[in-house]
Amino acid sequence: MAPPRKSENKQGVKPGSTQNQVRWTRTEMEHALNSMRQRLAPQITDRALLQQYLEVDNLDVDRAVNRWQTHRARILAGAAPPPSDSSSSSSSDSDGEDDGEGVDEGGIFEGMQANAIAERFNANIEQERRDAALAFRLEIEDSSVGYVVLSPSQAIFFLYICGWDLGVALSRWNSTSLKESFLLLGEFDRMRKPLHREIDVSDEVTLLAQDERLATFINITGRPDWYSLRERLVEADWNLIEAVAAWFRPGVRPERPSSTGNGPGIRVDVNLRELDWPADGDCDAAEGTVMDEGWGQEPNYFAPDNPFPNPPNPVKENPVAATTKPRGTKPIDGRERRNGFLIHIDSSQARETAQIGIRNPELFLIEWICKGKYWYNRFKHNKLGFPEYEAAQNIPPRANPLPEFDWKNQDHINLLNNWRRQVTNRATGYNTRQGSQLWSQEEIDFLISLTEELFQEAKREFKDKTEAELLPLVITNKVKEDWQRRFNAKFTGTIQPGSDKERIDRKSSALMTQRGRIRILVDKYKVTEDKQWFKRQENKKEKAKAKVKVGEKRKRDSSQEVKRESSQEVEEITQGEFESTIATAASDGGESGGEEEEQANDADDEE
DNA sequence: TTCCGGAAAATGCCTCGAGG
DNA sequence: CCTCGAGGCATTTTCCGGAA
């Protein structure tokens, strides 16, 4: 099914197409392109061509992918170009989804045939990528700045940066100065440094660097047998660039793990079936491409002049995230978990969420490298059914089948996205933004005073109006800006009770949200109340009461409360819930060890 | 026991469409 | 054009079962 078009009157409307009034926004097209690339990976792609397929299928990624794969298979089979565009070829296709259905393909198959990547299509994906590197080098030599001759690793890494999309790579190369292009590649120079051959479990930094390089190597080659790549890296003393060059020529032979602890050494598909091992011969680089005489020499460094050769660059597009980049281990859910590195899904797309109406089963699987090993996790949910997965795993059907995961159901999409966020966070330690900070009483008071002040001003300015007529106050953007400025001037950098971290800036939107959660502002100044939030507050109170009544003995000890410096305690106290807190503290005295104590209490109860 | 990870609640932040 | 408000998004916390 085509995705819903929520916003047809935005910039996506183009008067051009007549018979096809359905258009889409730039964002929708980007989502579709990303999904399509994810589903085609590790094949090579070309952005313009992908776009053509999506347009023919009205942004229906499912259909576009099917059509693409059908055409690709036809080209791989050496199919002679079909006589004309239409019926003869598509109607006899054996795969279930027929791609015709009266849609005028508009010469789209010819478009693929004419595209530079078609020449490089190969059933052997590794070879397809090597050939794409050659195509990239040749294109660059032909272009106006033709005096550049790339080495294999230069071409490979640049294509990798561009997600193995030849069109993207070429346009990016041509729109970037040579110096900058090499500077981009220079990001990888730090991965040349040899690392310890053996794994020293105590050396966190080395382990982290090894994981990053292994993950990158897997992503560059697209190989399923991760263990083979790891062995090759060890052989190269973990010099990734050397290993990549060796993969290009002569190739990396498959190697199965001999010891336990590494599993079978191969990745899984979205239904958790092991992928096929490549045959020895399939891993050798083909003569034609690599023996090409025109390749440039491998440089010692991609960017010898790089003023920042060593430090990993912070994420540029999101300055906030820079502070939360992986740095070894990081407490998540109150536990230290070592950071890992995603594979399969391009890290630049790691935060791409599932979109309603766009089927993309790839999102059910998250794979990563951590602690020198391959890890994965697959989305399941105890209230939803996954027929393909269940069939693949030989899970017996239920008496009452669960509703199937539905790509058109926003609730299901949200479940999936929540799960992906959680798993990605736990696996990588990477967050897209800083954790939010709880509001202190002083901040709340200041927010109240701002409203108060505005109200007094309004009364002075509109003397003829009654107070009731002035409420609720209109908060103009200008006022919001002013509030934000004053608020941050007062609090940013301070340490507020309930936290040991310095306050970061809050945006005016955050201030506006908080206003609806302050009783005085709601009652006295008619600010629209956040009903959901107040309802939860009520629930919380009741729960706390019930707890006090029922299990006087089953209480957390005080040391645990201190550990949880981040807060609810503070909140509760400011909301006037002294009783329960005090009762808690009193009931369990000065004993220690929450869990043990609970067990002790259970024992007591039994006796 | 320790670690992994599923599920959902809690809290805060932010976007975007409806409607003035 | 501007503001409001609903609801989506992100992170953290909590609880807990189960595997290693």
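In what follows, chains carry the letters A, B, and so on, assigned in the order in which the sequence lines appear, proteins first and then strands, with residues in each chain numbered from 1.
At whole-Å resolution of the value, CD1 in A:Ile504 and C1' in B:dT11 are 14 Å apart. Going from atom CH2 of A:Trp419 over to atom P of B:dG6 covers 7 Å, rounded to whole Å. Separating the CH2 atom of A:Trp533 from the C1' atom of B:dA9 is a distance of 15 Å, rounded to the nearest angstrom. We find that CG of A:Leu384 is positioned 14 Å from P of B:dG6, with the value rounded to whole Å. Rounded to an integer number of Å, the gap from A:Asn382 CG to C:dG17 C1' is 12 Å. Between the CG atom of A:Leu438 and the P atom of B:dG12 there is a distance of 5 Å, rounded to whole Å. Atom NZ in A:Lys501 sits about 10 Å away from atom C1' in C:dT12, given to the nearest Å. Per the geometry, CD belonging to A:Gln422 stands 13 Å off P belonging to B:dA9, to the nearest Å.
For the OP1/OP2 pair of B:dC13 and a distance below 4.0 Å, the side-chain nitrogens and oxygens of A:Lys507 include no atom meeting the criterion. Between A:Lys373 and B:dC4 there is no side-chain N or O to OP1 or OP2 distance below 4.0 Å. The side chain of A:Lys535 places no N or O atom within less than 4.0 Å of a non-bridging phosphate oxygen (OP1 or OP2) of B:dA10. Side-chain nitrogen and oxygen atoms of A:Gln514 include none within less than 4.0 Å of the OP1 or OP2 phosphate oxygen of B:dC13. For the pair A:Trp439 and B:dC13, the criterion of a side-chain N or O lying under 4.0 Å from OP1 or OP2 is met.
Listed by chain and residue number, A:Asp225 satisfy the side chain to side chain donor-acceptor pair (under 3.5 Å) test with A:Ser228 (two or more places apart in sequence, or in another chain). Residues satisfying the ring-ring contact (aromatic ring centres under 6.0 Å, His included) test with A:Phe491, not counting sequence neighbours, are A:Phe446, A:Phe487. Qualifying side chain to side chain donor-acceptor pair (under 3.5 Å) partners for A:Gln410, counting only residues two or more places apart in sequence or in other chains: A:Asn414. Residues passing the side chain to side chain donor-acceptor pair (under 3.5 Å) test with A:Glu388: none are found, sequence neighbours excluded. By the side chain to side chain donor-acceptor pair (under 3.5 Å) test, A:Thr353 pairs with A:Gln355, sequence neighbours left out. For the ring-ring contact (aromatic ring centres under 6.0 Å, His included) test, no residue two or more places apart in sequence or in another chain qualifies with A:His344.
The stretch residues 462-483 of chain A participates, sequence neighbours left out, in no ring-ring contact (aromatic ring centres under 6.0 Å, His included) pair at all. Within the structure, every pair that satisfies the salt bridge (charged side-chain N to carboxylate O under 4.0 Å, His left out) test and touches residues 475-489 of chain A, not counting sequence neighbours, is listed here: A:Glu453-A:Arg486, A:Asp482-A:Arg485, A:Asp482-A:Arg486.
Within 6.0 Å of CD on A:Gln532 lie no more than 12 heavy atoms contributed by other residues, nucleotides or ligands.
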Are there any protein N/O atoms within less than 3.5 Å of an N/O atom in nucleotides 9-11 of chain C, and if so, which ones and at what distance?
{"residue": "C:dC9", "atom": "OP2", "partner": "A:Asn414", "partner atom": "OD1", "Å": "3.2"}
{"residue": "C:dA10", "atom": "OP2", "partner": "A:Arg421", "partner atom": "NH1", "Å": "2.4"}
{"residue": "C:dA10", "atom": "O4'", "partner": "A:Arg433", "partner atom": "NH1", "Å": "3.4"}
{"residue": "C:dA10", "atom": "O3'", "partner": "A:Thr432", "partner atom": "OG1", "Å": "3.0"}
{"residue": "C:dT11", "atom": "OP1", "partner": "A:Thr432", "partner atom": "N", "Å": "2.5"}
{"residue": "C:dT11", "atom": "OP1", "partner": "A:Thr432", "partner atom": "OG1", "Å": "3.0"}
{"residue": "C:dT11", "atom": "OP1", "partner": "A:Arg433", "partner atom": "N", "Å": "3.1"}
{"residue": "C:dT11", "atom": "OP2", "partner": "A:Arg351", "partner atom": "NH1", "Å": "3.2"}

Atom pairs under 3.5 Å, N or O on each side, protein against nucleotides 1-4 of chain C: can you list them with distances?
{"residue": "C:dT3", "atom": "OP1", "partner": "A:Asn477", "partner atom": "N", "Å": "3.1"}
{"residue": "C:dT3", "atom": "OP2", "partner": "A:Asn477", "partner atom": "N", "Å": "3.2"}
{"residue": "C:dT3", "atom": "OP2", "partner": "A:Asn477", "partner atom": "OD1", "Å": "3.0"}
{"residue": "C:dT3", "atom": "OP2", "partner": "A:Asn477", "partner atom": "ND2", "Å": "2.5"}
{"residue": "C:dC4", "atom": "OP1", "partner": "A:Ile475", "partner atom": "N", "Å": "3.0"}
{"residue": "C:dC4", "atom": "OP2", "partner": "A:Ile475", "partner atom": "O", "Å": "3.0"}

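When heavy atoms are screened at a 4.0 angstrom cut-off, A:Asn377 is found touching the sugar-phosphate backbone but no base atom. Using a 4.0 Å heavy-atom criterion, one finds that A:Gln532 contacts no nucleic acid atom at all. Residue contacts for A:Arg506: at a heavy-atom cut-off of 4.0 Å it reaches the sugar-phosphate backbone alone, with no base atom in range. The residue A:Lys531 sits apart from the nucleic acid: no heavy atom pair falls under 4.0 Å.
Aromatic rings from A:Phe386 and A:Phe364 are positioned such that their centres are separated by under 6.0 Å.
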Pair up each side-chain donor or acceptor in residues 377-385 of chain A with any protein partner under 3.5 Å, not counting sequence neighbours, and list the distances.
{"residue": "A:Arg378", "atom": "NE", "partner": "A:Val270", "partner atom": "O", "Å": "2.8"}
{"residue": "A:Arg378", "atom": "NH2", "partner": "A:Asn271", "partner atom": "OD1", "Å": "3.0"}
{"residue": "A:His381", "atom": "ND1", "partner": "A:Lys383", "partner atom": "N", "Å": "3.1"}

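Scanning residues 458-470 of chain A for heavy-atom distances under 4.0 Å to DNA chain C yields an empty list.
If A:Val423 and A:Ser508 are placed on DNA chain B by their nearest nucleotide, the residue sitting closer to the 5' end is A:Val423.
Residue side chain A:Arg426 reaches the base of B:dG6 through a donor-acceptor N/O pair under 3.5 Å, judged by distance alone.
Side-chain atoms of A:Thr428 and A:Asn339 form no donor-acceptor pair, as typed in the model, at a separation below 3.5 Å.
Using bins of under 30°, 30° to 60° and over 60° for the plane-to-plane angle, the ring pair A:Trp407/A:Phe405 lands in the perpendicular bin.
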